[in-house]
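I have placed the structure first, in the form of structure tokens, so that the comments after it can refer back to it.
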Amino acid sequence: MLGDSSLKYRVREDCITGWLLKVPVLIAVGMLVLFFVVLTAKSWPLLTGGNFWQVLTSSEWLPSEGKFGLWPFIIGTIAVTFLTMVLAVPVSVLAAVFLNEFAPKKLKAIALPVIDVLAAVPSVIYGACGVIAFIPMVKALGGALGINTTGRCLLTAALVLAIMVIPVILSIVRDVLAAIPQEAREALLALGATRWEATYHVVLKLALPGIIAAIMLGVSRAFGETMAVMMVAGSIPEPKPSLFKAVYTLPALIADKYGEMLSIKMYDVALMTAALILMVVIAFFNFGAHLILIRLRRKY
Amino acid sequence: MSHLSIKDLHVYYEGVETLKGIDLEIPDKSIVAIIGPSGCGKTTLLRSINRLLELSSDVKVTGSVEIDGENIYDPKADLISLRKKMGFLSQRPFPLPCSIFDNVAYGPKIHRMDADAINAVALSLEPASKVSKNRKEALANLVEICLVKAGLWDEVKERLGSPASRLSIGQQQRLSLARALAVGAEMILGDEPTSALDPISTKQIEEQFKALSSQYSIVMVTHILRQARRLADYVVFMYLGELIEHGPAEKIFNSPEKEMTRRYIKGDMS
């Protein structure tokens, strides 16, 4: 019967497409596993060499003497990321709230596409702007405060990164706010709440998991950013980060030194260890974000 | 007790006239049902009464909606206290993301009502209610009375602290009612308040409306004629943005003056 054979065909087709659709997911998951395996294998000599703790906590970076202290890079990356978030989170969340809850329609229509473009600007351009604008500004600021600085420092790197991640966080938070049902606002306004009360008590509360996810993504972006930071941060390992002192981050270290590592023993192992640390931290942040999201969802 | 009158109300959505000059006196202490086919402007009319309409973009309103003689479209009107006077139930109830107790207590809290103000609302709802000089106790009393009046107390009294989102949708709608009562609403607006509910929950809401109509004016939009028959004391029939006919329910349902009303009641158009 015709019906039978065509049904068989459709069932087989369904089965095959089901499998085909799984392939990209398996590739994506496989890549992550592969990264970890390769990086772990490459950094194995340092991980198991008995002085891994020292690699993490030592500030001595003298590759020619076989001393690979990663501490200044680790703390540098943390400091840059932390300062970036301190600068970027309030601005982006408040701007998103303003745009979604208070801004007139015309302003929204102009601002939202502009923000999306900003989020897509390549980081090298932010780096260039940092060199042109922020380095002299921070240098002048340091001068005004009586601090001697080249302008290539932690503060400049954080400013450039903040400008870079603001559109990313803003754009996601705006989407999250736009997804909150209009009934939520109406329920409060109808009780005689002001718009700010409706926003603060309900909209932001409901949006919180999404806002946290947006911030986590911003953290990942800032933590892993290489180009813009390399261009403005000064790239000198400092074990004690300070606003007006140069800073050297893990991604910048890997990008800077990868070419020159061939001749020195263990240099490649040290850089792969740096890469592994970067991966672990970013994975930790993402899983952490997921855990928070799951807990918040359960609560309400 | 507030009195509501609507005079020559026009509403334009993006330039299109959706309400074409509505004149209506809402009778006090009764259930008013606004009926009519989809897109006739029932919801627009309801939402123009508490100015929720203007949350949608590009809306223009002319004419007046007067509550106790005060035009809510007057630029100097105190929108917050006007909205407070009108409890609002939307199609889908929306529990605030907090406990059942806090949902009801939310209104008195944001309006910073003191113990006396809270007691006054409680007494207006239930003349025999307990009063307390202590604000916390007064608020607890009020929350109980509001939940009793909304017909929800017995179902939630053991778990006032649990999240309101765990309630069933029918319970959530009654919680919305309790929330509105707690700010001292003098009138209740319902935008198809039972359309998302199951038959039992619908019946519960209808029963609460019946019970409350001795104290409140209740204006509800409904597209269910049978519901209007069951509940309404007064019926407003609209068609394509115009008010076709209004009057006591008995008259509209049994001997309407206009042909269009008759056809709608008979079910020839919907």
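So you know, we letter chains A, B, ... as the sequences are listed, proteins then strands, and number each from 1.
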Inset, instruction - Find out whether B:I110 and A:H201 are in side-chain contact, i.e. whether some heavy atom of one side chain is under 4.5 Å from a heavy atom of the other. - result: yes
Inset, instruction - Under 4.5 Å, heavy atom to heavy atom: which of residues 115-126 of chain B reach chain A? Give them by number, or say none. - result: none
Inset, instruction - Go through the structure and list residues passing ring-ring contact (aromatic ring centres under 6.0 Å, His included) with A:Y200, not counting sequence neighbours. - result: A:W196
Inset, instruction - Evaluate whether atom CZ of A:F82 has more than 12 neighbouring non-hydrogen atoms of other residues, nucleotides or ligands under 6.0 angstrom away. - result: no
Legend entry - Heavy-atom closest pair, residues A:K205 and B:C98: NZ-CB, 4.1 Å
Inset, instruction - Check whether more than 12 heavy atoms from other residues, nucleotides or ligands sit under 6.0 Å from atom CZ of A:F287, and answer yes or no. - result: no
Inset, instruction - Return yes when atom CZ of A:F35 has more than 12 non-hydrogen atoms of other residues, nucleotides or ligands closer than 6.0 Å, and no otherwise. - result: no
Legend entry - Contacting region of B:R179 [heavy-atom separation from chain A under 4.5 Å]: both
Legend entry - Inter-residue atom distance B:L96.CG - A:L191.CG, 0.5 Å rounding: 7.0 Å
Inset, instruction - Taking heavy atoms only and a threshold strictly under 4.5 Å, list by residue number the residues of residues 275-284 of chain A that touch chain B; give 'none' if the list is empty. - result: none
Inset, instruction - Report the option among B:R92, B:Q91, B:M86, B:R83 that has the most heavy-atom pairs separated by less than 4.5 Å from atoms of chain A. - result: B:R83
Inset, instruction - For chain B, find its close neighbours in residues 164-190 of chain A: heavy-atom separation under 4.5 Å, sorted by number, or none. - result: A:P181, A:Q182, A:E183, A:A184, A:E186, A:A187, A:L188, A:L189, A:A190
